[in-house]
Undergrad: 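I am attaching a structure below and will ask some questions about it afterwards.
All residue numbers refer to positions in the sequence shown, counting from 1. The model shown is predicted, which means the values in this text are computed figures rather than measured ones.
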Amino acid sequence: MKLIVGLGNHLKKYEKTKHNAGFLAVDYFCKKRDLEFKNEKFSGLFFKNDEFIIAKPQTLMNCSGNCVSQIVNFFKIDISDVLIIYDDINYDIGNFVYSIKGSSGGHNGIESIINSLATKNIKRIKIGIGKKTSKSQILSDYVLSKFTDVELSLLNSSFENLDKMIEEFLQKSEASSFYKKV
């Protein structure tokens with residue numbers, strides 16, 4: 001069993017914000033396959049079949065580890081079969097990078113997951129949301145701002161390649177088979 005988790009904030013006021021890029025990515029993946037998040041349990045919404053689970057935590061971003069650890073523990077999912085998808089300000093909008101381990105880089109959602117699972121060895125896809133527009137801009141204001149129509153278009157056009165990465169994750173277990181887009 002594999003687990004794919006898109007990170008975001010579940011409240012309606014956060015829809016289409018930069019911090020919800022992970023939600024948007026898994027929504028794209030599911031919509032393309034006509035899958036629905038019908039199950040609500042483990043502090044999240046999820047789709048489950050015999051091969052994989054796709055989840056969206058229904059907590060605030062900073063508590064995402066609660067949902068992920070509940071699913072991992074209940075279904076006895078190996079950490080090597082977990083993939084987290086979330087926003088990253090270090091990459092331009094529409095770019096993304098895959099890594100197999102690392103620190104949180106200051107991202108509270110992945111930090112919560114690292115702490116809950118007690119490991120930094122978590123596969124992840126970081127989706128670029130671009131850098132703050134000015135040094136004086138508060139980071140939380142930036143990540144909680146809505147994507148512009150142009151930004152959403154760039155992001156959506158990159159989801160086809162990201163979709164292929166998710167599909168490959170589901171089919172293979174070796175990280176060497178993944179590619180990076182920077």
Undergrad: Taking the side chain as every heavy atom from C-beta outward, state whether Ile122 and Val68 have any atom pair closer than 4.5 Å.
TA: no

Undergrad: Do you know the tightest heavy-atom contact between Pro57 and His10?
TA: O-CB, 4.2 Å

Undergrad: Ignoring hydrogens, what is the shortest heavy-atom contact between Gln70 and Ser43? Give both atom names and the distance.
TA: NE2-OG, 3.1 Å

Undergrad: Which class fits the ring pair Phe52 and Phe29: parallel under 30°, tilted 30 to 60°, perpendicular over 60°?
TA: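 Plane angle over 60°, so perpendicular.
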
Undergrad: Hey, what's the ring geometry for Phe42 with Phe75, parallel, tilted or perpendicular (30° and 60° as the breaks)?
TA: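 Correct class here is perpendicular.
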
Undergrad: Can Arg33 and Asp163 be counted as an ion pair, charged N to O under 4.0 angstrom?
TA: yes

Undergrad: For Ile53, which of Asp81, Asn39, Ile77, Val72 qualifies under side-chain contact (heavy atoms from CB on, under 4.5 Å)?
TA: Ile77

Undergrad: Return the CG to CG distance between Asn115 and Asn66, rounded to the nearest 0.5 Å.
TA: 12.5 Å

Undergrad: When you look at NZ of Lys16, are more than 12 heavy atoms from neighbouring residues, nucleotides or ligands closer to it than 6.0 Å?
TA: no

Undergrad: Can a cation-pi geometry be assigned to Lys56 and Phe37, taking NZ or CZ under 6.0 Å from the six-membered ring centre and within 45° of the ring axis?
TA: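 Yes, a cation-pi geometry.
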
Undergrad: Please find the pair of heavy atoms, one from Gly109 and one from Ser64, that lie closest to each other, and give the distance.
TA: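 So the two residues come closest at O-CB, 4.0 Å.
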
Undergrad: Rounded to the nearest 0.5 Å, what separates atom OH in Tyr14 from atom NZ in Lys146?
TA: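 Going from OH on Tyr14 over to NZ on Lys146, the span is 10.0 Å.
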
Undergrad: Would Lys18 count as a cation-pi partner of Phe147, with NZ or CZ less than 6.0 Å from the six-membered ring centre and within 45° of the ring normal?
TA: yes

Undergrad: How long is the span from the NE2 atom in His107 to the CG atom in Asn62, to the nearest 0.5 Å?
TA: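 Here the interatomic distance stands at 9.0 Å.
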
Undergrad: Are more than 12 heavy atoms, taken from residues, nucleotides or ligands other than Leu139, located less than 6.0 Å from that residue's CG atom?
TA: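 Counting neighbours around CG of Leu139, more than 12 heavy atoms of other residues, nucleotides or ligands fall under 6.0 Å, so yes.
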
Undergrad: Quick check for you: to the nearest 0.5 Å, what is the distance between Ile4 atom CD1 and Leu170 atom CG?
TA: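 Taking CD1 in Ile4 and CG in Leu170, the distance rounds to 4.0 Å.
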
Undergrad: Applying salt bridge (Lys or Arg N to Asp or Glu O under 4.0 Å) to Lys164 and Glu167, what does each step give before you reach the verdict?
TA: CA-CA 5 Å; Lys164 291 175 187 171; Glu167 192 63 48; over 6 Å; no

Undergrad: Work out which heavy atom in Ile129 is nearest to a heavy atom in Ile89; give both atom names and the distance.
TA: CD1-CG2, 3.6 Å

Undergrad: For Lys101, does the NZ atom sit with more than 12 other heavy atoms under 6.0 Å from it, leaving out its own atoms?
TA: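 Open: at most 12 neighbouring heavy atoms sit under 6.0 Å from NZ of Lys101.
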
Undergrad: Determine the interplanar angle of the Tyr28 and Phe159 rings, folded into 0 to 90°, and report it as parallel if under 30°, tilted if 30 to 60°, perpendicular if over 60°.
TA: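 It falls in the tilted class, 30° to 60°.
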
Undergrad: Looking at CD1 of Ile79 and OG1 of Thr119, how far apart are the two atoms once the value is rounded to the nearest 0.5 Å?
TA: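 The CD1 atom of Ile79 sits 6.5 Å away from the OG1 atom of Thr119.
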
Undergrad: State the CD1-CD1 distance between Ile110 and Ile85, to the nearest 0.5 angstrom.
TA: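 Separation between the atoms: 11.0 Å.
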
